[in-house]
Amino acid sequence: MQFLQILARKPGSLEVLFQIPFCQKQFPYSCLSTSACVYSKKKKGNSYDQVDQEKYKNLVHSVISYKTSAQTPETILEEDNLLYGPPAKQTPPIKAGTRTPKNWVPLINPSKRILPASSDSKVPMKIRPQRAKLPSVTRILQQTLSPQQVFYLERWKQKMIEELGKEGFEDYTKNLFLQGELFHSALESIFLSGETAAREQGEDDVVAGYLSSVEGVLEDISEVKALESGVHHGTLQYLGLVDCVAKYQGQLCVIDWKTSEKPKPSLQNTYDNPLQVAAYIGAINHDANYNFQVRCGLVVVAYKDGSPAHPHFMDPDLCSQYWNQWLLRLEEYRDKH
């Protein structure tokens with residue numbers, strides 16, 4: 001390529017470059033050639049005299065100056081997959097629910113007696129969690145993460161440690177848990193003592209942004225039946241602690257409050273939270289301490305900066321799909337232990 005650049009800068013050099021092969025092709029060597037023939041070949045005009053030399057210069061210049069990157073979108077994706085693995089994508093619940101659990105138990109308890117609405121107490125239930133040696137919903141989900149989930153969780157952890165240091169990362173996680181606990185306590189105060197008092201109390205603390213974030217969601221919540229209450233599935237033998245059971249836009253739901261620093265506009269962005277909600281619904285429906293049954297769920301993601309929270313409603317069909325996924329994860333946990 002450098003050789004062609006030099007030729008392109010010298011007038012007439014391209015003519016010399018192309019002249020010899022052309023003449024050889026037009027006048028091949030023959031033993032019958034005479035001196036007159038050779039003489040005439042020298043005197044004959046070159047066909048390249050009729051060609052626009054500037055055109056050839058532009059052609060050579062365009063060829064030698066054209067640069068392209070060895071990287072393409074396909075090669076970049078292939079390299080990224082090789083280094084970090086494929087992008088994390090949660091499988092839609094319909095596809096994941098095609099496998100049938102071996103020990104299938106219905107989400108709704110057909111034998112449970114439901115008391116009339118008039119007998120319901122206006123004071124939210126708060127049952128103390130059992131101390132039985134049974135696995136919790138949180139533990140079961142943590143112990144049955146997929147290899148892909150474990151990989152990305154570990155990669156995120158290592159990245160945070162590189163940025164914050166080991167001690168800094170430990171402080172960061174402690175603060176996250178503390179903020180979550182304070183946020184849940186503030187919500188409990190809202191439902192028990194009144195929204196205005198709780199909001200004024202939390203206006204200057206670390207959960208002020210989260211409370212501002214859920215203001216719009218709180219307007220759609222009514223008839224709170226349970227707060228921070230323990231649940232126990234008598235048939236499947238697991239425990240849980242439910243954040244809230246109340247009506248959301250007229251539908252009785254198990255409500256799970258989550259905090260986040262990043263937007264989670266879709267239910268798939270909440271990872272295993274829908275399975276957790278489905279597990280709590282099933283436990284309530286099979287727990288004799290609760291005189292009602294729940295068919296719907298709600299995952300509310302609140303943001304620290306006060307951005308409007310994302311409420312993700314789970315209708316009965318969606319809850320049933322996630323219930324099947326939960327039963328499969330529960331079976332996997334049983335097999336491991």
Side-chain angles (χ1 to χ4, degrees), residues 92-94 97 105-127 137 183-184 187-188 190-192 194-195 210-211 213-231 233 240-260 264-303 308-327:
I94 296 178
V105 175
L107 179 64
I108 306 299
N109 188 352
S111 60
K112 189 171 187 177
R113 179 172 172 264
I114 308 299
L115 296 178
S118 58
S119 63
D120 289 347
S121 173
K122 292 184 179 181
V123 179
M125 300 176 64
K126 188 171 184 178
I127 298 176
V137 173
F183 176 54
H184 281 78
L187 288 173
E188 187 175 356
I190 289 176
F191 293 125
L192 293 176
E195 183 177 350
Y210 294 123
L211 293 177
S213 180
V214 298
E215 280 185 354
V217 179
L218 294 178
E219 295 176 357
D220 292 327
I221 293 178
S222 61
E223 298 183 32
V224 180
K225 292 182 174 293
L227 287 172
E228 301 294 332
S229 189
V231 294
H233 199 297
L241 185 65
V242 177
D243 289 348
C244 178
V245 179
K247 285 188 176 180
Y248 172 73
Q249 297 182 348
Q251 298 286 335
L252 187 62
C253 300
V254 165
I255 303 175
D256 202 29
W257 306 99
K258 298 297 181 184
T259 59
S260 176
K264 295 185 177 180
S266 67
L267 188 61
Q268 284 73 24
N269 298 136
T270 62
Y271 304 105
D272 284 342
N273 294 151
L275 277 73
Q276 187 176 23
V277 170
Y280 291 156
I281 293 175
I284 287 177
N285 294 342
H286 290 79
D287 192 330
N289 292 313
Y290 298 90
N291 58 6
F292 54 84
Q293 296 209 69
V294 185
R295 288 177 165 79
C296 301
L298 182 70
V299 178
V300 181
V301 184
Y303 302 110
H310 282 119
H312 302 299
F313 178 72
M314 299 166 56
D315 61 25
D317 289 339
L318 196 56
C319 287
S320 296
Q321 294 169 19
Y322 280 111
W323 172 250
N324 284 340
Q325 290 188 51
W326 160 251
L327 292 179

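Note that the structure is a prediction, hence the values are computed from the model and not measured. Starting from 1, each residue takes its place in the sequence as its number.
With sequence neighbours left out, the ring pair (Phe, Tyr, Trp, His ring centres under 6.0 Å) criterion links His286 to His233. For Pro110, the side chain to side chain contact (heavy atoms under 4.5 Å, CB included) test picks out Pro106, with sequence neighbours left out. Not a single ring pair (Phe, Tyr, Trp, His ring centres under 6.0 Å) links Tyr280 to another residue, sequence neighbours left out.
Minimum heavy-atom separation, Pro124 to Val224: CG-O, 3.9 Å. When all heavy atoms of Val277 and Gly297 are compared, the pair lying nearest together is CG1-CA, 3.8 Å. Of all heavy-atom pairs spanning Ala246 and Ile221, the tightest one is CB-CG2, 3.8 Å. The two residues Trp323 and Ala279 come nearest to each other via the heavy atoms CZ3-CA, 4.1 Å. Taking each heavy atom of Ala309 and Val217 in turn, the nearest pair found is CB-CG2, 4.2 Å.
How far OG of Ser320 is from CZ of Arg295: 9.5 Å, rounded to the nearest 0.5 Å. Taken from OH in Tyr271 to NZ in Lys264, the straight-line distance is 6.0 Å, to the nearest 0.5 Å. Once rounded to the nearest 0.5 Å, the distance linking SG of Cys244 with NE2 of His184 reads 9.5 Å. Taking CG of Leu227 as the reference point, atom CZ of Phe191 lies at 6.5 Å (rounded to 0.5 Å). Rounding to the nearest 0.5 Å gives a distance of 12.0 Å between CG of Leu298 and CG of Asp315. Rounding to the nearest 0.5 angstrom, the gap separating the CG atom in Asn291 from the CD1 atom in Ile284 is 11.5 Å.
Inter-residue side-chain proximity for Leu252 and Val294 is flagged as met; some heavy-atom pair is nearer than 4.5 Å. Tyr248 is not listed as a side-chain neighbour of Val300, based on a closest heavy-atom distance of 4.5 Å or more. Using a 4.5 Å heavy-atom threshold, the side chains of Leu211 and Ile190 count as touching. Within the 4.5 Å cutoff, the side chain of Pro308 has no heavy atoms near those of the Ser213 side chain.
Ring-plane geometry between Tyr290 and Phe292 is classed as perpendicular, the angle between the planes exceeding 60 degrees on a 0 to 90 degree scale with a lower cut at 30.
Remark: the Ser266 side chain and the Asn269 side chain contain an N/O donor-acceptor pair separated by less than 3.5 Å.
When Ile281, Asn285, Val299 are each tested for a side-chain contact (heavy atoms from CB on, under 4.5 Å) with Val254, only one passes: Ile281.
Within the 3.5 Å criterion, the main-chain N or O of Val242 finds no donor-acceptor partner in the side chain of Ser229. Of the possible donor and acceptor atoms, none in the side chain of Thr259 sits under 3.5 Å from a partner among the backbone N and O of Ala302. Remark: the backbone N or O of Asn109 is paired with a side-chain donor or acceptor of Gln293 at under 3.5 angstrom.
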Does the side-chain contact (heavy atoms from CB on, under 4.5 Å) test come out yes or no for Leu267 and Tyr322, once each step is laid out? CA-CA 12 Å; Leu267 188 61; Tyr322 280 111; 3.8 Å; yes

side-chain contact (heavy atoms from CB on, under 4.5 Å), that's the test. Do Asn273 and His312 meet it? Break it down for me. CA-CA 11 Å; Asn273 294 151; His312 302 299; over 6 Å; no

Please step through side-chain contact (heavy atoms from CB on, under 4.5 Å) for the pair Leu318 and Phe313, ending with a clear verdict. CA-CA 9 Å; Leu318 196 56; Phe313 178 72; over 6 Å; no

Test side-chain contact (heavy atoms from CB on, under 4.5 Å) applied to Asp256 and Gln276, step by step: CA-CA 9 Å; Asp256 202 29; Gln276 187 176 23; 3.2 Å; yes

